[in-house]
Student: 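The structure under discussion is supplied below as structure tokens; questions concerning it will follow.
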Protein chains: 2
Amino acid sequence: MSHKPRRNTRQRQVILEELAKVKCHPTAADLYEIVRRRLPRVSMATVYRNLEVLSSAGKIQKLQSGGEQARFDADTDMHDHVRCVRCGRVADVEREPLVVSPPAAEDIEGFQIIGHRLEYLGVCPDCRADAPNECPPAPDPA
Amino acid sequence: MSHKPRRNTRQRQVILEELAKVKCHPTAADLYEIVRRRLPRVSMATVYRNLEVLSSAGKIQKLQSGGEQARFDADTDMHDHVRCVRCGRVADVEREPLVVSPPAAEDIEGFQIIGHRLEYLGVCPDCRADAPNECPPAPDPA
DNA sequence: CTGTCTGCAAATGGTTTGCACCATA
DNA sequence: TATGGTGCAAACCATTTGCAGACAG
């Protein structure tokens, strides 16, 4: 794929390195805090711009299945994720990704299918711990 | 689950009625425009508040699988959706929803699974039509 | 050198909220 | 009449963008 020439700036390197280092799937803001420890003068704009560049270059994955903040993953291998509906945290699902068969042409009124988005919803251990809550379908991820 | 008592206001009725009427899956703003024809003085806030109330009451579905605007569906029967990656339009998939088996406990590190979110991505007929899309070979309008 | 990238700050845009008045039950 | 609901405007907040100077190639 012919992409525009891209420069290999220090910011870009550090952002990718730090994302690769963490086991979790940080938000842009999380990553900003992390990167800031090495580059005190970076700006959020730079973090956002680079996450965008890296993700369209296929070097990282952007996970934004909910209406929530996007989260990022340096592991580009195909794998599913679970998202905590309470705190928004995202974790990997350690099994082969589910095979999702695309709907037949006649079931989608002219749409040309190019993929799908699947993500599990759950409650993470931490949230379950202090959770004085009850019924499964939590209202909102606030 | 103890829910607060809810009043049956004219705004609430109209919002639900109009949503039930349309075949598409409008955004809050779309619905605001529609509802405004019957209630010229409604506010966006009221539309948002009621869509929230109706959806937590299970009377409508809130579709916000992407990072995009939420869309709403008065059809609460289980069914999948396709979202146009160009214009954001959402349509129903006319087949039995795919059975998604939740990951086993040992594959998700303590998360308690409560559901999943699946949505197909595609290009709608309209967008495909005028689509001057490119990617590899840079098109030259000249 | 040149054109991309950065930092800063201000702008977006969808959604939410505070408040005083209104209307449903 | 008691309270949930409404309209309005301002607040929020993640993300984007305009701009001038900085720096990679």
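Below, chain A is the first sequence line, B the second, and so on; all start at residue 1. Note that the structure is predicted; figures quoted are calculated from it, not measured.
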Student: Is the phosphate of C/dC5 approached by A/Asn8 (side-chain N or O, under 4.0 Å from OP1 or OP2)?
Tutor: no
Student: Can you measure from OG1 (A/Thr27) to CG (A/Asp30) and round to the nearest 0.5 angstrom?
Tutor: 3.0 Å
Student: With DNA chain C as reference, determine whether A/Ser43 or B/Phe72 sits nearer its 5' end, using the nearest nucleotide of each.
Tutor: A/Ser43
Student: Which nucleotide in the set C/dC5, C/dG14, C/dT17 lies at the smallest distance from any side-chain heavy atom of A/Thr9?
Tutor: C/dC5
Student: For B/Ile15 and D/dG7, what is the distance between atoms CD1 and C1' respectively, to the nearest whole Å?
Tutor: 13 Å
Student: Please state how far atom CG in B/Leu54 lies from atom C1' in D/dG5, giving the value in whole angstrom units.
Tutor: 13 Å
Student: Roughly how many Å is it from CG in B/Leu51 to C1' in C/dG14, rounded to a whole number?
Tutor: 13 Å
Student: Taking only the side-chain nitrogens and oxygens of B/Tyr48, find out if one of them lies under 4.0 Å from OP1 or OP2 of C/dT15.
Tutor: yes
Student: Has B/Arg128 got a side-chain atom pairing as donor or acceptor with A/Gly110's backbone, closer than 3.5 angstrom?
Tutor: yes
Student: Roughly how many Å is it from CD in A/Gln13 to C1' in D/dC23, rounded to a whole number?
Tutor: 13 Å
Student: Using atom CG of A/Leu39 as one end and atom P of D/dC23 as the other, report the distance to the nearest whole Å.
Tutor: 13 Å
Student: Of the options D/dG7, C/dA23, C/dG7, whose atoms approach the side-chain atoms of B/Arg7 most closely?
Tutor: C/dA23
Student: A/Met44 has a side chain; which of C/dT15, D/dT17, D/dT15 sits nearest to it?
Tutor: D/dT15
Student: Taking for each residue the nucleotide of DNA chain C with the nearest heavy atom, is it A/Val53 or B/Thr27 whose nucleotide lies nearer the 5' end?
Tutor: A/Val53
Student: Using every non-hydrogen atom in the two residues, find where B/Lys62 and B/Ala70 come nearest and quote the distance to one decimal.
Tutor: CE-CB, 4.0 Å
Student: Between C/dT12 atom C1' and B/Glu68 atom CD, what is the distance in whole Å?
Tutor: 16 Å
Student: Can you tell me how far C1' of C/dT15 sits from CG of B/Asn50, to the nearest Å?
Tutor: 15 Å
Student: Name the closest nucleotide to the A/Arg12 side chain, picking from C/dG14, C/dT6, D/dT17.
Tutor: C/dT6
Student: I'd like to know if A/Arg6 reaches the base of D/dG25 with its side chain such that a donor and an acceptor end up less than 3.5 angstrom apart.
Tutor: no
Student: By the definition side chain to side chain contact (heavy atoms under 4.5 Å, CB included), identify the one residue from B/Arg36, B/Glu33, B/Arg38 that meets it with B/Glu18.
Tutor: B/Arg38
Student: To the nearest Å, how far apart are A/Leu63 CG and D/dT15 P?
Tutor: 12 Å
Student: Has the side chain of B/Asp75 got a donor or acceptor atom that lies under 3.5 Å from a matching backbone atom of B/Asp77?
Tutor: yes
Student: Would you please confirm or rule out a distance under 4.0 Å between OP1 or OP2 of C/dG7 and any side-chain N or O of A/Gln11?
Tutor: yes
Student: Whether the side chain of B/Arg49 and the base of D/dG4 hold a donor-acceptor pair under 3.5 Å is what I'd like checked.
Tutor: no
Student: Heavy atoms under 4.0 Å, any strand shown: does B/Arg10 hit a base, just sugar-phosphate, or nothing?
Tutor: nothing
Student: Reckon A/Ala29 touches a base, only the sugar-phosphate, or nothing at all at heavy-atom distances under 4.0 Å?
Tutor: nothing
